[in-house]
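What follows is a set of notes on a single structure, which appears directly below.
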Amino acid sequence: MTNTQRHIPVMLNKVLTYLNPQPQKVYVDATFGFGGYTTAILEKANCKVIAVDRDPSVKQRADELKEKYKSRFEFKQGRFSSLKELIETPVDGIVFDIGVSSMQLDDASRGFSFSKEARLDMRMSSSGPSAYDVVNTYSEDQLADILYRFGEEKKSRQIAQKIVEARALKPIETTTQLAQIIYQVIYKKPNTIDPATRSFQAIRIAVNEELTELEEGLKAASDLLKPQGRLVVVDFHSLEDRIVKNFFKTNSAPKVHISKYAKKTLNETGKAFSFISPAITPDEQETISNPRARSAKLRYAIKDKGEKND
């Protein structure tokens, strides 16, 4: 199976609807991956897309799109928290697809999945401290805190204790070794969510500083958008969605009735967004055809017009 076949962009039609690409405008795909959103945006309108990704393995795919779309496509390697440093000119729209990509999960060598034997890694950027370092060097209290905060794992302390006991005998080197330690605390049962899921999610989030990245990325995106620019975010679990929801709420003007005869005062509040959407979920057909979409939520916001009183 090729990357193209197995990588299905989540809620693609809805992303295009709410991003609303227009000719001659500039858009940012802040989580490029295999380029599903980027390609769809470029096909939807005669616009330009600047794609950003911290993962060096996507460069080959970026080169393919550059060959096809020429000046309409540009790729920048880096974290989306650095959007303002990577992209200096304001843009018309930005889209995020938060979390680990299906390509990263499917590549056993990256060490993201407990179902594939690999060295513990989980680094999206393939640089810096890895999951191996976290599992083998963090204190028991630090590990328990990570598992509880980022994985919402109720048995975080028992799992952390087992990890520390196991590594005292020999380093925990592989994904399956770690999974087996977790199964000593939470027994694996047929037809249920794998008990290693929450712990692997937590360690991955810690390794990649994902929640801090998301907070900083949203701030950078808000600053980078032009007036009436659109910010679309697709996320996959409650920790991410809480950050997105709170960010939009905090940075949007309250809904008040304004007479059509009044002077334009949208920017009086100093808030970034004049409109925010409720959470939008995938339809049943998509969740059947693309199981990764089952937990997805989409939220979008429109930047304030920037108008002030005369």
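Bear in mind that the values here come from a model prediction, so they are computed numbers and not experimental data.
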Qualifying residue, where the test is side chain to side chain contact (heavy atoms under 4.5 Å, CB included) with V28 and the options are I87, L231, L225: I87

Verdict with supporting geometry, I186 and I159, side-chain contact (heavy atoms from CB on, under 4.5 Å): CA-CA 9 Å; I186 312 173; I159 293 171; 4.1 Å; yes

[X] vs [Y] side-chain heavy atoms within contact, under 4.5 Å:
X	Y	answer
P171	Y132	yes
L143	V164	yes
I280	K14	yes
F114	T176	no
D145	Y138	no
D304	P227	no
E210	M124	yes
E173	K170	no

Once you round to the nearest 0.5 Å, how far does [atom1] of [X] lie from [atom2] of [Y]?
X	Y	atom1	atom2	answer
R230	I94	CZ	CD1	13.5 Å
M11	T17	CE	OG1	10.0 Å
E286	R292	CD	CZ	10.5 Å
I203	S130	CD1	OG	10.5 Å
H237	F150	NE2	CZ	10.0 Å
I276	K245	CD1	NZ	9.5 Å

In one Ile/Leu/Val/Met/Phe/Trp/Tyr side-chain cluster, 4.5 Å: [X], [Y]:
X	Y	value
L218	L86	yes
L211	L83	yes
Y183	V185	yes
Y148	I182	no

Geometric class of the F248/F273 ring pair [parallel <30°, tilted 30-60°, perpendicular >60°]: perpendicular

Criterion side-chain contact (heavy atoms from CB on, under 4.5 Å) on F75 and D53, from CA distance to verdict: CA-CA 8 Å; F75 176 74; D53 204 301; 4.0 Å; yes

Sub-3.5 Å donor-acceptor pair from the side chain of [X] to the main-chain atoms of [Y], do we have one?
X	Y	answer
K303	S222	yes
K297	V234	no
N46	P23	no
N251	F247	yes
N208	M122	yes
T174	Q177	yes
S295	F236	yes
Y300	V15	no

Write down the atom of [X], the atom of [Y], and the distance for their closest heavy-atom approach.
X	Y	value
A45	Q22	CB-C, 3.8 Å
P9	G36	CG-CA, 3.6 Å
L224	T89	CD1-O, 3.7 Å
G151	Q201	CA-NE2, 4.0 Å
V52	G78	CG1-O, 3.4 Å
R72	L42	NH2-O, 2.5 Å

Can [X] and [Y] be counted as an ion pair, charged N to O under 4.0 angstrom?
X	Y	value
D121	R119	no
E140	R157	no
D223	K219	no
E152	R149	no
D92	K226	yes

Less than 3.5 Å apart, any donor N or O on the side chain of [X] or [Y] sitting next to an acceptor on the other?
X	Y	value
E43	Y69	yes
S238	D241	no
E284	T287	no
N13	Y18	no

Residue that, paired with S81, satisfies side chain to side chain donor-acceptor pair (under 3.5 Å) out of E215, E213, E216: E213

Salt bridge (Lys or Arg N to Asp or Glu O under 4.0 Å) evaluation trace for D194 with K188: CA-CA 6 Å; D194 194 293; K188 191 174 182 181; 3.4 Å; yes

Verdict with supporting geometry, Q158 and E153, side-chain contact (heavy atoms from CB on, under 4.5 Å): CA-CA 10 Å; Q158 297 98 308; E153 175 53 71; over 6 Å; no

Qualifying residue, where the test is salt bridge (Lys or Arg N to Asp or Glu O under 4.0 Å) with E64 and the options are K66, R61, K68: R61

Contacts of type side-chain hydrogen bond (donor to acceptor under 3.5 Å, both in side chains), residue S139, not counting sequence neighbours: Q142

side-chain contact (heavy atoms from CB on, under 4.5 Å) between I243 and L239, worked out: CA-CA 7 Å; I243 290 172; L239 297 176; 5.9 Å; no

Test ring-ring contact (aromatic ring centres under 6.0 Å, His included) applied to F73 - qualifying residues, sequence neighbours left out: F32

Residues in ring-ring contact (aromatic ring centres under 6.0 Å, His included) contact with F96, at least two apart in sequence or another chain: F80

Side chain to side chain donor-acceptor pair (under 3.5 Å) between T212 and E209, intermediate numbers included: CA-CA 6 Å; T212 301; E209 301 177 312; over 6 Å; no

